[in-house]
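Fair warning: this is a prediction, and the values are worked out from it, not measured in the lab. One-based numbering along the sequence shown. Counting starts at 1 for both ligands and their atoms, following the listed order.
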Amino acid sequence: MLIRNVRIEQAEALQDIRVTDGRFSEIGLGLAAAAGEEEIDGGGNLALPPFVESHVHLDACLTAGEPRWNRSGTLFEGIEIWSERKQSLTKEDIRNRVRKAVRMQAMNGVQYVRTHVDVTDPTLLALEVLCELREELRDHVEIQVVAFPQEGIHSYPNGKVLLENALKAGADVVGAIPHFEFTREYAVESLRYAVGLAEKYGKLVDVHCDEIDDPEAKGLETLACLAHESGLRDRVTASHTCAMHSYNNAYVFKLFRLLRMSGINFVANPLVNITLQGRLDTYPKRRGLTRVKELLENGVNVSFGHDDVYDPWYMMGTGNMMDVVHMGLHTCQMMGYDDIVGSYRFVTGNGARTLHLGDAYGIKTGNPANLILVGARDFYQALNEHAVVLYSWRNGKLIASATPAEKKVHF
Ligand code: 17E
Ligand code: FE2
């Protein structure tokens, strides 16, 4: 197959991409079609490696309003509602919702997903189902499963054993939630325990870290210190880190030295944290997003996640990572031209680093032919005009396509 006239990321010239046996076999200017080779006119549109959803909760997706709506709009009411909803989980319920959400993501060009799955459940049902779906859907999406202790490790009955059992049952990544633990001591112990399990079982780490407007929430320094001293480094990710928004600058200055040394990744979730944080403020109201621009300036890897698709924490969402980037650029005030045109990195390459996808990710000769074609000349236009993903190919096979809606003005 020959895909003609596409702009690969921010390249100046339009190029052609040849796919042979599911891999990129040639990339260049004006390639000649072989006899009988399928040709696709890229029309000058934007070719990107597939979107990476680096933080979402698929087990809870598509449950908004069940059994009740989140009236306060806080994280903590969301956790209460989910705790009620998870009593009625069944295998079929989880399978149906996750399959639907994954198809929504596929329609929007996502091919890699890291999902947190709540393991504060004595049955570990959602974890079991997500591990099954990870295998079942492998041809269409690469799923990583995080064992996520939503109600705490040390503060939930049998929490330590459940977390370890989740790893034995096949989770890829260990989670934690220090700001939700009963005490500061539990917060620290829970991080030590989670990192210890990652070492024991050879897993990655991704912590819901300090998702609260409390400047005293300092799980991050403990996590970064553990990543540094254990040598796990970039195998560790700190998600949310909202408290960093409220830390004083002197403390942040000191903290950033450790963050640079530790090599850890960050995931910000702009759509969700702009709505969950600041809820207990009157005015002025904090935005509560982590310091994305400053992290990047310090050479730290940051990706963006959607976090929720229509659930107790966020009652909107279609799985479109461009919505996430759009919100992130506004709320983090990254609205310079270069910031905008290059912002696909938050949901492509930076996410791939967080997920440890390795060199096989990216539009390069020899790599698996995984790519999307976005209906815009660059990512700036794509964001501004809400472009659609025209094609999503995985291993050279078309897995999703769309036609832009036709709109008319009658004057
Ligand atoms: N659970 C949590 O602790 N934080 C979140 N943002 C979501 C679930 C979505
Ligand atoms: Fe989350």
Side-chain angles (χ1 to χ4, degrees), residues 53-64 66 69-70 72-86 89 97-98 101 113-121 126-127 130 144-153 155-156 159 163 173-181 187 190-191 194 205-214 217 219-220 223 237-245 265-279 287-290 302-317 319 321 324 327-328 331 351 354-355:
E53 166 60 281
S54 56
H55 186 122
V56 70
H57 297 252
L58 288 180
D59 55 344
C61 68
L62 307 175
T63 64
E66 301 170 11
W69 295 93
N70 186 337
S72 68
T74 59
L75 166 66
F76 294 88
E77 187 174 346
I79 294 174
E80 267 176 53
I81 295 170
W82 171 242
S83 189
E84 293 161 25
R85 178 59 174 82
K86 74 187 175 192
L89 287 176
R97 287 186 293 102
V98 173
V113 177
R114 174 176 284 184
T115 177
H116 297 256
V117 181
D118 187 1
V119 296
T120 48
D121 167 5
L127 184 97
L130 259 299
Q144 274 183 10
V145 174
V146 186
F148 169 51
Q150 174 70 81
E151 296 184 54
I153 301 172
S155 311
Y156 186 79
L163 187 61
V173 187
V174 192
I177 184 163
H179 56 279
F180 192 82
E181 299 286 352
S190 70
L191 289 169
V205 178
D206 192 333
V207 172
H208 275 64
C209 199
D210 311 329
E211 189 185 9
I212 189 165
D213 299 318
D214 172 11
L220 178 57
L223 181 65
T237 294
S239 283
H240 297 291
T241 61
C242 304
M244 197 199 290
H245 190 94
N265 305 293
F266 284 76
V267 182
N269 298 289
L271 273 180
V272 169
N273 287 126
I274 197 63
T275 75
L276 293 181
Q277 306 315 125
R279 289 281 180 152
R287 299 177 186 196
L289 287 156
T290 196
V302 184
S303 61
F304 284 172
H306 201 309
D307 205 10
D308 304 274
V309 180
Y310 199 83
D311 71 13
W313 295 276
Y314 182 68
M315 285 130 241
M316 291 194 179
M321 300 313 291
V324 177
M327 180 61 76
T331 53
T354 301
L355 267 63

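At a threshold of 2.8 Å, the Fe ion (ligand 2) has a backbone or side-chain N, O or S atom of His55 nearer than that distance. Using a cut-off of 2.8 Å, one finds that Asp307 contributes an N/O/S atom close to the Fe ion (ligand 2).
Taking every heavy atom of Leu75 and a limit of under 4.0 angstrom, the matching atoms of ligand 1 come to 2 (C), 3 (O), 4 (N), 5 (C). Residue contact check: Asp307 has heavy atoms under 4.0 Å from atoms 5 (C), 6 (N), 9 (C) of ligand 1. Of all the atoms in ligand 1, the ones that sit under 4.0 Å from a non-hydrogen atom of Trp313 are 1 (N), 7 (C), 8 (C), 9 (C). Listed by atom number, the atoms of ligand 1 under 4.0 Å from His240 heavy atoms are 6 (N).
Side-chain atoms of Arg97 never come within 3.5 Å of backbone atoms of Thr63 as a donor-acceptor pair (strictly under, hydrogens ignored). Side-chain N or O atoms of His179 include one that pairs as donor or acceptor with a backbone N or O of Glu211 at under 3.5 Å. A donor-acceptor pair under 3.5 Å is formed between the side chain of Asp210 and the backbone N or O of Leu220.
In this structure, Phe180 has its ring center no closer than 6.0 Å to that of His208.
Of all heavy-atom pairs spanning Met315 and Ala64, the tightest one is CG-CB, 3.9 Å. Nearest approach of Thr275 to Trp313, heavy atoms of both residues: OG1-O, 4.5 Å.
Heavy atoms of Phe148 come nearer than 4.0 angstrom to ligand 1 in at least one pair.
Atom CE of Met316 is surrounded by 12 or fewer heavy atoms from other residues, nucleotides or ligands within 6.0 Å.
For the pair Glu151 and Lys86, the salt-bridge criterion is met [side-chain N within less than 4.0 Å of a carboxylate O].
Of all N, O or S atoms in His240, the one lying closest to the Fe ion (ligand 2) is NE2. The Fe ion (ligand 2) sits nearest to atom NE2 when only the N, O or S atoms of His208 are considered.
Under 4.0 angstrom from ligand 1, the non-hydrogen atoms of Ile177 all belong to its side chain.
Residues His240 and His55 are in side-chain contact: their nearest non-hydrogen atoms beyond the backbone lie under 4.5 Å apart.
Protein heavy atom nearest atom 1 (N) of ligand 1, with residue, atom name and distance: Gln150 OE1, 2.7 Å.
For ligand 1, none of its N or O atoms has an N or O atom of Asp311 under 3.5 Å away. For ligand 1, one of its N or O atoms has an N or O atom of Glu211 under 3.5 Å away. Between Asp308 and ligand 1, not a single N/O pair is under 3.5 Å apart.
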